There are 2 protein chains.
Amino acid sequence: MNSLEATARAQEPQSPDVTELILQDILAGRLPPGTWLKQIDLERRYNCTRPEVRRALDRLVQKRLVEHVPNRGYHVHEQDGRRAQEVSDIRVILEVAVSDRIIANASAADIANLRVFALRFDDLVLNGTMLELYEANLVFHRHLLALAGNQELVELITEIRQRTSSAPVSQWRTRARIEQSGREHQQMVDAIERRDVGHLMELTRRHILQA
Amino acid sequence: MNSLEATARAQEPQSPDVTELILQDILAGRLPPGTWLKQIDLERRYNCTRPEVRRALDRLVQKRLVEHVPNRGYHVHEQDGRRAQEVSDIRVILEVAVSDRIIANASAADIANLRVFALRFDDLVLNGTMLELYEANLVFHRHLLALAGNQELVELITEIRQRTSSAPVSQWRTRARIEQSGREHQQMVDAIERRDVGHLMELTRRHILQA
DNA sequence: GGTAATCAAATTGGCGCCAATTTATGATCC
DNA sequence: GGATCATAAATTGGCGCCAATTTGATTACC
C-alpha cells in the first residue's frame, strides 16, 4: 500500500541535503510521476525533520518537479509530453547555435577530456546503473557546453533538463538507443577535432531530438 | 541607519505573497544590491510571520536574486556584469532563432495586439513609474515571444531576465535610450507585418544587446 | 440494498520558542 | 593610548506543537 515505506533505505547518519536526495529518487524513477509525497513518510525515509521536508518540497515545486495542491499535499509532477517537446526544442536552438564557439575554443586538452567522458558513458552502458548512466551523460554534455564560454548557458540547460524529465530512465527505451547515444558522443568529439562546424550542428540536432 | 524601516509602507491587511512583494522591491530598486535582509525587519515591513519570511528568502535564493551566507544572513545579490552579459547572449540566440516562427504564426489580430502593448510602453515613458515601464516592456516581449508557439520558452526567458537584473531601473540609463527602445518595438512590429524575417532578426539582436 | 450524512482518523500547514553562532561593546592589560 | 580579550546583545536557524482542512469509514435513513 505504501510505496515509500517499501523502498525505505538504511538510515544514513547525517543527511547531506534532503532536497538533493528526493531529487535523485525522482530522477532515478524510484518516485514515479503522480506519487503523493506525504510529509511523514519523507520524514522517516530520509531520516530528517518536518521543516527540512517542507523546505525540500517547496524547492522542488519551484523547480517544477513537484506539484502542490493546497491542503491536499505534494505529488511528483506528471510527465508532460508537450513540455518535454518544447524543452528539447529550446536545447536544439541553444546547443546548435553555440557549436561554432565550442569548436573555436576547444583545445587539444579539452578534446582529450571529452573523450574520457564519452568513454566513461560507453563503459557504464555495460557495467552501470541507469542513474550512473544518466549522470555520466550529463557530465559529458556539461563539459561540452562549457566550451562555449557561457557559464549561465551550462547552468540553464542543466536546469531545464531536470525540469521535464521526471523519470529520465524512460528517455532511453532500448539498449540499442543508448549505445547509439554513445556513438554519437564519439562522433561529436570527432567533428570538433576536425573543426567541422556544420557536421557538429547536425549531430547535435539529431542527438537531442531523438533522445 | 536602517534602510528597511525608512521605506516601510502602510500596513496592508492581508499579504498576497511575501516572495512577490520582496521581489517587486528588489526589481524596483527599493532594496539595492548588497542590502542585508534581516528577518525581523522583513517581518515588520511586510507585516508577516517569521516562517513566511524564511520561505520567501529561500525561494529568492533559488531564483539567484538573493545570496545566503550561513549563520550570517541573506543579502540582495550584487550585480554581476559577466552574468548579465551571458544572459543577454542567451536571449539573443533564442529570440533571434525564433524570429521566423513569430512571423509565420503572427495573425493580423496578434500584430494589432502587439501594437497596443508597444503604444502602452511609449505612453508610460512620459506618464509612468520605472516599474510600470519595466512591466510594460516585459508584457510586450512576452506576447512577442508567445507567437513562437513555445510556452516554455516564454517562461524561461522571463525567469532569466529577473535572475540577473537586480535593479532593472539601472538598465535604461537615459531617457533617450528608453525612447529608442520604444521606437525599436514599433520597428519590430513593422517587420513582422512586412514578414521581413531578416530585419526582425537584426532588430531583435540590437534591441537586446544594447539594453 | 444503495445512498447520504455524520463522525473519527490522518494529514497539512501556521506559528512561536529556544539553542547556537555571530557581532558589537566595553573593560582590561600591555 | 591602542590592542586584545571577555562579555552581552542581537540574529540566525532548528524543532515541535496544535489548529484547520480533508479523507475514509461507519451508521442511519430512504
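Fair warning: this is a prediction, and the values are worked out from it, not measured in the lab. Just so it is clear: chains get the letters A, B, ... in the order the sequence lines come, proteins before strands, and each one is counted from 1.
- Between B/H68 and the phosphate of D/dG13, there is a side-chain N or O to OP1/OP2 separation shorter than 4.0 Å.
- Ring geometry for B/F121 versus B/H185: interplanar angle over 60°, hence perpendicular rather than tilted (30 to 60°).
- Sorted by first and then second residue, the salt bridge (Lys or Arg N to Asp or Glu O under 4.0 Å) pairs involving residues 92-104 of chain A (not counting sequence neighbours) are A/R91-A/E95, A/R101-B/D89.
- For A/Q180, the side-chain hydrogen bond (donor to acceptor under 3.5 Å, both in side chains) test picks out A/R183, A/E184, with sequence neighbours left out.
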Nucleotide N/O of nucleotides 15-19 of chain C paired with protein N/O under 3.5 Å:
from: C/dC15; atom 1: OP2; to: B/T49; atom 2: OG1; distance (Å): 3.4

Polar pairs (N or O, both sides) under 3.5 Å between protein and nucleotides 22-25 of chain C?
from: C/dT23; atom 1: OP1; to: B/R72; atom 2: NE; distance (Å): 2.6
from: C/dT23; atom 1: OP1; to: B/R72; atom 2: NH1; distance (Å): 3.3

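- The separation between B/W36 atom CH2 and D/dA10 atom C1' is 15 Å, rounded to whole Å.
- Atom CD of B/Q39 and atom P of C/dT21 are 17 Å apart (whole Å).
- In this view, B/R142 and B/E155, B/T158 satisfy the side-chain hydrogen bond (donor to acceptor under 3.5 Å, both in side chains) rule, not counting sequence neighbours.
- Taking atom CG of residue A/L57 and atom P of nucleotide C/dG13, one finds them 9 Å apart after rounding to whole Å.
- Pairs of residues two or more places apart, or lying in two chains, never qualify as salt bridge (Lys or Arg N to Asp or Glu O under 4.0 Å) while including a residue from residues 119-137 of chain A.
- Checked against side-chain hydrogen bond (donor to acceptor under 3.5 Å, both in side chains), B/R54 has no partners two or more places apart in sequence or in another chain.
- Partners of A/R55 under the side-chain hydrogen bond (donor to acceptor under 3.5 Å, both in side chains) rule, at least two apart in sequence or in another chain, do not exist in this structure.
- For A/R55 and D/dT12, the CZ to C1' distance is 13 Å, given to the nearest whole Å.
- Legend: residues meeting ring-ring contact (aromatic ring centres under 6.0 Å, His included) with A/H75, ordered by chain and number and at least two apart, are A/W36.
- Taking atom NZ of residue A/K38 and atom P of nucleotide D/dT23, one finds them 12 Å apart after rounding to whole Å.
- Rounded to a whole Å, the CG atom of B/L37 is 17 Å from the C1' atom of D/dA10.
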